[in-house]
2 protein chains.
Amino acid sequence: MTDSKPSMSDLAKKLNVSKTTISFILNGKAKERRISEALVEKVLAEAANLGYRPNQFAQSLRTGRTNIIGLMVEDISNPFYASIARLIEEKVYQNGYRIVYCSTENDVTRGKDFLTMFSTLSVDGCIVAPTQGMEQEIREMHEKGKSVVLFDRYFGNDGTDAVMVDNQGGMYRAVEHLAARGAKDIGLIAIALDDPEKEDRIIGFKKAIADNGLATYVFPLPFKGGYEEYLQDISEIFSRNKLDAVVFGTNYLGIAGLEVINQMGLRIPDDMAMISFDDHDLFRIHRPGITVVAQPIEAIAQKAIDTLMSKLRNPALTKKTAEVITLPTSLIVRAST
Amino acid sequence: MTDSKPSMSDLAKKLNVSKTTISFILNGKAKERRISEALVEKVLAEAANLGYRPNQFAQSLRTGRTNIIGLMVEDISNPFYASIARLIEEKVYQNGYRIVYCSTENDVTRGKDFLTMFSTLSVDGCIVAPTQGMEQEIREMHEKGKSVVLFDRYFGNDGTDAVMVDNQGGMYRAVEHLAARGAKDIGLIAIALDDPEKEDRIIGFKKAIADNGLATYVFPLPFKGGYEEYLQDISEIFSRNKLDAVVFGTNYLGIAGLEVINQMGLRIPDDMAMISFDDHDLFRIHRPGITVVAQPIEAIAQKAIDTLMSKLRNPALTKKTAEVITLPTSLIVRAST
DNA sequence: ATGAAAGCGCTAACAC
DNA sequence: GTGTTAGCGCTTTCAT
């Protein structure tokens with residue numbers, strides 16, 4: 001009936017031992033406190049028997065640590081982020097942490113709200129794919145000693161750790177590949193949240209186009225939630241420009257683009273060669289297969305966690321070193337090029 | 001420098017007011033406590049000024065409520081669950097809750113671990129796509145007064161709310177559709193965690209096969225993490241049986257199946273007609289398009305949240321009513337059939 | 001080798 | 001109208 005959780009006091013009372021002792025034993029400090037084997041046994045046994053679980057909130061209130069990690073991505077339903085979330089989940093649980101996630105939808109306000117939430121929740125650290133406009137807030141968290149690891153996007157030299165991917169290089173090789181296959185009019189359709197001149201994927205694209213002496217067709221698109229709108233935008237781009245190849249800056253643009261191409265009855269790669277950033281089941285299985293610039297998802301997750309965990313374990317590090325890791329992408333050539 | 005968060009005491013000291021008063025004001029109980037307008041203003045202003053944020057842990061410790069909701073799915077990186085997670089996130093935040101998620105991988109032990117974690121974390125409620133074998137634990141949570149809403153899978157009449165989908169009916173109509181198109185040897189490739197006789201999708205399939213006087217080809221597969229293994233299993237099934245149509249019980253089996261079909265050079269729908277449970281970008285965009293039994297993702301998320309929120313708002317309900325909502329699936333016919 | 005006691009930040013019954 | 005006070009369950013210093 002009164003099945004409510006047993007507290008440390010319950011244990012203490014039942015065993016005629018003080019809370020202190022119980023606490024030490026349960027926290028593995030029995031040795032250094034020289035508590036007798038016998039007592040340790042007894043306490044452990046009774047704790048197990050009663051199904052005792054420490055109250056995380058009391059614990060957090062006392063210690064200031066929460067064992068919660070915040071994960072902030074653009075959209076948790078995007079397979080790229082979902083896969084990362086899955087991997088991070090796996091690795092984080094092994095270290096006794098839990099994850100609270102949220103999707104920013106590239107909205108600064110949402111992003112900041114969530115940062116506040118993380119702060120309110122007192123997460124021990126967080127892994128964030130930031131939107132732009134959050135620079136200030138991220139820096140503040142960092143300065144307050146919270147461990148933050150950025151990925152997917154970051155802001156120059158602000159002292160925050162980041163796990164990035166070689167976006168410029170990846171894009172450069174994609175264009176190179178297309179050019180080598182004889183493409184002349186290569187378009188780039190990519191999200192530009194901010195200034196297109198600052199987007200690495202766009203920069204890499206332009207550089208490759210220039211190096212290959214080709215004409216530049218860049219179509220920066222603002223971020224919008226709706227898939228339908230992208231279909232619309234892309235089909236307009238296709239009808240107004242006679243391209244023989246196209247590169248998409250993200251998986252969802254690639255997907256939308258592929259749908260448009262198919263709808264318009266364009267043949268890949270004869271009428272239109274195609275490459276998308278990010279691999280996806282769709283790109284692998286589609287006939288013809290779609291060439292992609294794949295991001296090393298596993299490595300991104302691993303590095304992000306490793307970085308965060310090492311800061312968490314050694315808080316002194318947090319304020320000091322800031323490392324920006326850049327992981328290579330890989331061009332997976334399929335029949336679309 | 002000492003930028004650590006201001007507490008209620010700080011506020012109280014600064015304004016020469018007691019914590020009590022602050023607490024009441026901040027919790028919107030100023031009216032009923034008949035606190036003067038002026039004071040309310042002053043407190044609110046100073047709170048905003050100092051950037052005061054209540055300490056969630058102290059709050060939780062005191063009230064027993066945490067504003068955290070646990071979300072447990074089979075695999076957060078599966079688009080079906082990821083989409084649900086996204087929608088649930090959206091709806092939940094509007095109500096001031098946060099989400100902690102975890103992926104069971106259909107592993108009972110993991111599932112139970114996470115349930116314990118939810119319990120330790122004192123989540124206010126949870127939305128769970130259970131694995132089998134968790135019946136007992138779910139029932140216990142429920143009996144302890146925790147709000148639990150199941151989806152995707154549930155255990156008969158155990159008094160827990162559940163949001164389900166008409167799996168039998170969806171599968172039935174898929175087979176019916178195939179039969180109407182002249183398919184004779186229709187195979188079903190589906191995960192059977194437990195007894196295949198208890199899996200609704202398999203039941204629906206068999207019923208439809210019987211009603212249409214066809215031969216029964218059911219290939220229950222155990223759940224395994226690895227995609228490669230499914231490829232293997234499926235291609236064996238295809239080489240050992242001469243089917244003219246196949247139905248896949250879940251999106252990842254459908255994806256693997258499609259990959260196998262393409263690899264084997266089978267033509268859809270001439271050599272092999274195909275239907276998969278769950279819609280997916282891949283099925284929509286693939287040429288030919290793949291007919292699917294789509295689940296109403298949005299509705300599932302909405303119902304789950306609605307149910308949970310109403311229980312949370314009115315705890316008295318929790319122990320009483322248990323509702324099993326069954327949502328319809330829809331057959332989206334494409335070129336694969 | 002063990003325990004008493006203070007206090008983390010907050011809420012709410014009960015005074016005044 | 002506003003303040004006092006007693007905890008929520010835990011950790012940890014200091015005493016014994």
Side-chain angles (χ1 to χ4, degrees), chain A residues 2-44 46-47 50-68 96 119-122 124, chain B residues 2-44 46-47 50-68 96 119-122 124:
Chain A
T2 33
D3 204 11
S4 45
K5 304 184 194 171
S7 75
M8 251 174 71
S9 308
D10 296 338
L11 258 187
K13 211 159 295 169
K14 193 143 187 180
L15 295 171
N16 261 319
V17 178
S18 85
K19 289 194 298 174
T20 315
T21 308
I22 309 256
S23 173
F24 283 132
I25 293 178
L26 260 28
N27 290 321
K29 293 181 185 161
K31 282 264 139 57
E32 66 192 71
R33 283 335 219 72
R34 303 148 159 269
I35 295 174
S36 69
E37 268 299 309
L39 223 197
V40 171
E41 290 290 289
K42 210 166 64 178
V43 170
L44 256 29
E46 188 61 19
L50 256 55
Y52 170 78
R53 303 262 136 209
N55 178 316
Q56 291 260 346
F57 297 92
Q59 217 161 236
S60 296
L61 182 58
R62 189 61 240 241
T63 62
R65 272 173 294 99
T66 60
N67 275 21
I68 297 182
S119 175
T120 305
L121 252 187
S122 299
D124 289 347
Chain B
T2 33
D3 203 11
S4 46
K5 305 183 192 169
S7 74
M8 251 174 72
S9 308
D10 296 338
L11 258 187
K13 212 158 293 171
K14 193 145 186 177
L15 295 172
N16 260 320
V17 176
S18 87
K19 290 192 298 175
T20 314
T21 309
I22 310 254
S23 173
F24 284 130
I25 293 179
L26 261 27
N27 290 323
K29 295 182 183 160
K31 282 264 141 57
E32 66 190 72
R33 285 331 220 69
R34 305 148 157 270
I35 295 172
S36 70
E37 266 301 308
L39 222 197
V40 172
E41 290 290 290
K42 211 167 62 177
V43 169
L44 256 28
E46 189 60 20
L50 256 54
Y52 170 78
R53 304 259 137 210
N55 178 317
Q56 290 261 348
F57 297 93
Q59 217 161 235
S60 297
L61 183 57
R62 192 56 244 234
T63 63
R65 271 173 293 98
T66 60
N67 275 22
I68 296 182
S119 173
T120 306
L121 252 186
S122 299
D124 288 348

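By convention in this document, chain letters (A, B, ...) are assigned in the order of the sequence lines, proteins followed by strands, and residues within each chain are numbered from 1.
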message = I need the A:Lys42 NZ to A:Asn16 CG distance, nearest 0.5 Å.
response = 8.0 Å

message = Can you pull out the residues from residues 55-63 of chain B that lie within a 4.0 Å heavy-atom distance of DNA chain C?
response = B:Asn55, B:Ala58, B:Gln59, B:Arg62, B:Thr63

query = Is any side-chain heavy atom of B:Leu26 less than 4.5 Å from a side-chain heavy atom of B:Tyr52?
reply = yes

task = For B:Asn16 and for A:Thr21, locate the closest nucleotide of DNA chain D by heavy-atom distance; then report the residue assigned to the nucleotide nearer the 5' terminus.
result = B:Asn16

inquiry  = Applying a 4.0 Å non-hydrogen cut-off, can you work out what B:Ser7 is touching in the nucleic acid: base, sugar-phosphate, or nothing?
reply    = sugar-phosphate

inquiry  = Reading DNA chain C from 5' onward, which residue's closest nucleotide shows up sooner: A:Arg34 or A:Lys19?
reply    = A:Arg34

For nucleotides 14-16 of chain C, list the nitrogen or oxygen atoms of the protein found under 3.5 Å from its nitrogen or oxygen atoms, one pair per line.
{"residue": "C:dC14", "atom": "N4", "partner": "B:Arg33", "partner atom": "NH2", "Å": "2.8"}

message = Going by the rule side chain to side chain contact (heavy atoms under 4.5 Å, CB included), which residues pair with B:Thr66 if we only count those two or more places apart in sequence or in a different chain?
response = A:Phe57, B:Ser60, B:Ile68, B:Ser122, B:Asp124

Side chain B:Asn55, main chain A:Leu61, donor-acceptor under 3.5 Å = no

B:Leu26 CG - C:dG9 P separation (whole Å) = 16 Å

Student check: side-chain heavy atoms of B:Ser23 and B:Met8 closer than 4.5 Å = yes

message = Without decimals, in angstroms, what is the distance between A:Ile22 CD1 and C:dA1 P?
response = 18 Å

ask   = In whole Å, what is the span from the CE atom of A:Met8 to the C1' atom of C:dG3?
value = 12 Å

Contact summary for B:Pro54 and A:Thr120, nearest pair of heavy atoms = O-CG2, 3.9 Å

ask   = Going by atom types alone, do A:Ser18 and A:Thr21 pair a side-chain donor with an acceptor below 3.5 Å?
value = yes

task = Using whole Å, report how far CZ of A:Arg65 lies from C1' of C:dC8.
result = 13 Å

ask   = Can you name the residues that form a side chain to side chain contact (heavy atoms under 4.5 Å, CB included) with A:Glu32, not counting sequence neighbours?
value = A:Lys29

message = Taking salt bridge (charged side-chain N to carboxylate O under 4.0 Å, His left out) as the cut-off, I'd like each qualifying pair that reaches into residues 14-23 of chain B, sequence neighbours left out, listed once.
response = B:Lys14-B:Glu46

inquiry  = Taking any heavy-atom pair under 4.0 Å as a contact, classify A:Lys29: base, sugar-phosphate, or nothing.
reply    = sugar-phosphate

ask   = About how many Å separate CG of A:Leu50 and CG of A:Leu11, when rounded to the nearest 0.5 Å?
value = 5.5 Å

query = Do any side-chain nitrogens or oxygens of A:Ser18 fall under 4.0 Å of OP1 or OP2 in C:dA4?
reply = no

request  = Tell me, please, the opening and closing nucleotides of DNA chain D, 5' to 3', among those with an atom under 4.0 angstrom from a non-hydrogen atom of chain A.
outcome  = D:dG9 to D:dC14

message = Strictly distance-based, threshold 3.5 Å: is any side-chain N or O of B:Asn27 a donor or acceptor partner for the main-chain N or O of B:Phe24?
response = no

